[in-house]
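Working notes for the structure below.
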There are 4 protein chains.
Amino acid sequence: MRTKQTSSKDQGTIGGRARRTQIERAAAEVLSEVGYAAASVGRIAERAGVSKGVITYHFASKDEILRRVALTLFEECAAHIASSVSDEASPAARLRAQLSAELEFFSSRRVEFRAMVEVMSNHRDPGFIRAFENVSTDEAETLAGLLRQGQTQGEFRAFDVNEVAHLIDAAKNGVLDRWASDEALDLGSMRATMLDFIEHAVRA
Amino acid sequence: MRTKQTSSKDQGTIGGRARRTQIERAAAEVLSEVGYAAASVGRIAERAGVSKGVITYHFASKDEILRRVALTLFEECAAHIASSVSDEASPAARLRAQLSAELEFFSSRRVEFRAMVEVMSNHRDPGFIRAFENVSTDEAETLAGLLRQGQTQGEFRAFDVNEVAHLIDAAKNGVLDRWASDEALDLGSMRATMLDFIEHAVRA
Amino acid sequence: MRTKQTSSKDQGTIGGRARRTQIERAAAEVLSEVGYAAASVGRIAERAGVSKGVITYHFASKDEILRRVALTLFEECAAHIASSVSDEASPAARLRAQLSAELEFFSSRRVEFRAMVEVMSNHRDPGFIRAFENVSTDEAETLAGLLRQGQTQGEFRAFDVNEVAHLIDAAKNGVLDRWASDEALDLGSMRATMLDFIEHAVRA
Amino acid sequence: MRTKQTSSKDQGTIGGRARRTQIERAAAEVLSEVGYAAASVGRIAERAGVSKGVITYHFASKDEILRRVALTLFEECAAHIASSVSDEASPAARLRAQLSAELEFFSSRRVEFRAMVEVMSNHRDPGFIRAFENVSTDEAETLAGLLRQGQTQGEFRAFDVNEVAHLIDAAKNGVLDRWASDEALDLGSMRATMLDFIEHAVRA
DNA sequence: GATGAATGAGCCTTCATTCAT
DNA sequence: GATGAATGAAGGCTCATTCAT
């Protein structure tokens, strides 16, 4: 009972953590398979092999599960990217590193990625406001900063950094979306093409 | 019973057409405002100012309404693009024309576009298979053809046309998505930046 | 669709009104028989001989049914009392008339009275505040006004009118409560004893 | 296993007694605050600062807790009254003493009183029969005995002792109920008014 | 003694659909 | 054509109780 990180009852206890993880995993699978609208608590419980009540016991609400599925992956991804991008490299190199790191991170987490997309594009608060609206904006701002630095240092040509940041973000998301719906896609090849495409688009 | 597009009773009759259009418009508004999961028949009826029964009378099922909302707009868009792109122009010009035409088409149909996105990314058949999975593939194939022609004629540099087609498609969709969630966005400026971005990325 | 007296969809239509009444009647019976805590929508539906969905169709929520069960009876009672008490009579006569009218009103509505008591003493808002807390206060204030007049005119002796109003109200409610739980009770005899008791207690 | 009052495992053990008392106290607080219908075992455990399991360990069922909350207070009250009423006094004095003792007893136990009322008026057995139906009858019978004595000795006028006993009981309960829902009420003043009211009502 | 975990029944509500009028 | 009415399944959630540790 030391920390209060979640609104749920169990934290720290080995059993509780494991169950939460198991349920989150089941939720990700269900989201990935049947989509946001059909991802009911009952189906998640069934997939996890537990009774519906267990889920209410470990999570305050369905909302908490879905948010956790999305945010956990999102935060892990951000951490992975941060650890992959060296401050010393040039902006162009950092841009490549950042995009590569993101693709690499998700490449072994296809189910979770699909689940995250389902939640991020569908989850709404009681007033029907999309709960993850600002996420893509935040990502684009990071990219914009990088682009600005590259322009200052002469690596990148002149363009509106915010708008181009969104284009790059969109291209990257497009790659992931396509891979998410086509398991056979060669993500490595796609990544190389994407980096090449972007480099031609922005270099001085 | 001329066309086979709907499974419903009324087509051709002037009143029936109008009612269907009215309901589809209401459905688009609801989808745009509350999202796919909360777009119930009741809410659509309420928005259209008619009783729930009317909807069942004019549409065989909720599915049909949603499909129609998406497909009607999609087909209109395709027609608009086709009429905007001259066969005589160079591949680079055709690429620009095609992308511009698509942005232009949606620019006066923000609500419908948002509705279409909700349906296309969420609608599934009873087996939970996404119903519009292949749409983006089809779009990309058209683009790929253009790119191939441009490469043959020496306008575009060497790259994998299918993969780059997906990148361009993704960039364009990214522009629309951002505009869809940010009414204040200057779509004209964004389009110019996008065309410039893509031109740098693909030109020989 | 002329008046908007309720939050529900149907008013005025003969069928709708009848169903609402039927459901309210069933709710009163269930409340009377199994008590507030066990009076579920399912049981009310079962008692009314309809499906659970019918109830949601005619009432916005369970709350609305319960409030209506209580308030309908309460308002009818108030109207009955108002029509029974002559302004011309002396305060003492009006006091007697008022109390008699209330007992008389409920005497043919035992089930509804029991239901009303269940709701009034148990219904709470989401913050657990009793929803009908002020009802007894309001009743007592009317009585207090009568007592004050009686004192002014010399019919009643000196006492705190508010406190005595509550005592009279409590005595009357005690009679009704006892009758509510003992069908065999002779309400006429009890009423006479009560009026005699109160008269001795307050007369000058 | 000395007494037969509970169906639980622990009685007599000092720790067990304390825990039971603690839980009963928590139950009273919860009942007082959220009412009978919302007084769940979970809330009681939370209020007591223990796990839900503890409650099941010390009490055979939720029913037992609620019954105990009501009966403990009720029995303590009866004992207090018995010790306050002298057999030697006149019936009128005994009546005053008894009513005063009851008000005095509860005056320092507002939370418990409110809890008791919640249980007594709502608790039902599995067949939905009110479990404490006969309590008020019992109380009234004691009063009736007193009244009869007073009539025999000429202190009280002629009236139906059973009916008047119920009226006096109701008046007293009305005072307590009002005080229970209005913390600011001056119980001392109210008691004086009540005794005066009753005395005028019954004296010869 | 005590706890966390789990269960399954039951609750209120939403909803797509059907149907008589 | 159109409507109000009704249905029954499903959804998220609460809860009393049971049980292994």
Inset, instruction - Describe, in one word, how the ring planes of A:Y36 and A:H123 are oriented to each other, choosing from parallel (under 30°), tilted (30 to 60°) and perpendicular (over 60°). - result: perpendicular

Inset, instruction - Not counting sequence neighbours, list each pair that qualifies as a salt bridge (charged side-chain N to carboxylate O under 4.0 Å, His left out) and has a residue in residues 116-127 of chain B. - result: A:E118-B:R124, A:R124-B:E118

Grab the N/O contacts between the protein and nucleotides 14-16 of chain E below 3.5 Å, and write none if there aren't any.
{"from": "E:dC15", "atom 1": "OP1", "to": "B:R43", "atom 2": "NH2", "distance (Å)": "3.3"}
{"from": "E:dA16", "atom 1": "OP1", "to": "B:K62", "atom 2": "NZ", "distance (Å)": "2.6"}
{"from": "E:dA16", "atom 1": "OP2", "to": "B:V41", "atom 2": "N", "distance (Å)": "2.7"}

Inset, instruction - Report yes if a side-chain nitrogen or oxygen of D:Y57 is closer than 4.0 Å to either non-bridging phosphate oxygen (OP1 or OP2) of E:dA2; otherwise report no. - result: no

Inset, instruction - For the pair A:R25 and A:E112, find out whether any cationic side-chain nitrogen is under 4.0 Å from an anionic carboxylate oxygen. - result: yes

Inset, instruction - Take D:E33 and D:R43 through the salt bridge (Lys or Arg N to Asp or Glu O under 4.0 Å) test and state the conclusion after the steps. - result: CA-CA 11 Å; D:E33 286 164 23; D:R43 258 191 270 260; over 6 Å; no

Legend entry - Pairing stems for DNA chain F [at least three consecutive pairs; Watson-Crick or G-U; under 3.5 angstrom]: E:2-21 with F:2-21

Inset, instruction - Please state how far atom CZ in C:R17 lies from atom P in F:dG4, giving the value in whole angstrom units. - result: 16 Å

Legend entry - Separation of atom CZ in D:F59 from atom C1' in E:dA2, rounded to whole Å: 15 Å

Legend entry - E:dG4 phosphate, OP1 or OP2, under 4.0 Å from A:H58 side-chain N/O: no

Inset, instruction - Using a 4.5 Å cut-off on heavy atoms from C-beta on, say whether the side chain of A:M120 contacts that of A:F74. - result: yes

Inset, instruction - Let me know, please, whether D:S51 or A:I55 comes out on the 5' side of the other along DNA chain E by nearest nucleotide. - result: D:S51

Legend entry - A:E46 CD to F:dA10 P, straight-line distance once rounded to whole Å: 12 Å

Legend entry - Short side-chain to backbone donor-acceptor contact, B:R20 and B:H58, under 3.5 Å: yes

Inset, instruction - To the nearest Å, give me how far apart CD (C:E64) and C1' (E:dT13) are. - result: 14 Å

Inset, instruction - Starting from P on E:dC11, measure out to OH on C:Y36 and report it in whole angstrom. - result: 14 Å

Legend entry - D:R20 CZ - E:dA2 P separation (whole Å): 13 Å

Inset, instruction - Search all heavy atoms of B:A37 against all heavy atoms of A:A37 and return the closest pair with its distance. - result: CB-CB, 4.4 Å

Legend entry - Atom pair distance, as rounded to whole Å: CZ in D:R19 and P in E:dT3: 6 Å

Inset, instruction - Using atom types as modelled and distance alone, determine if a side-chain donor or acceptor of A:T21 lies under 3.5 Å from a backbone N or O of A:R17. - result: yes

Inset, instruction - Assess whether side-chain contact (heavy atoms from CB on, under 4.5 Å) is satisfied between D:L31 and D:L66, documenting all intermediate values. - result: CA-CA 9 Å; D:L31 281 162; D:L66 299 185; 3.8 Å; yes

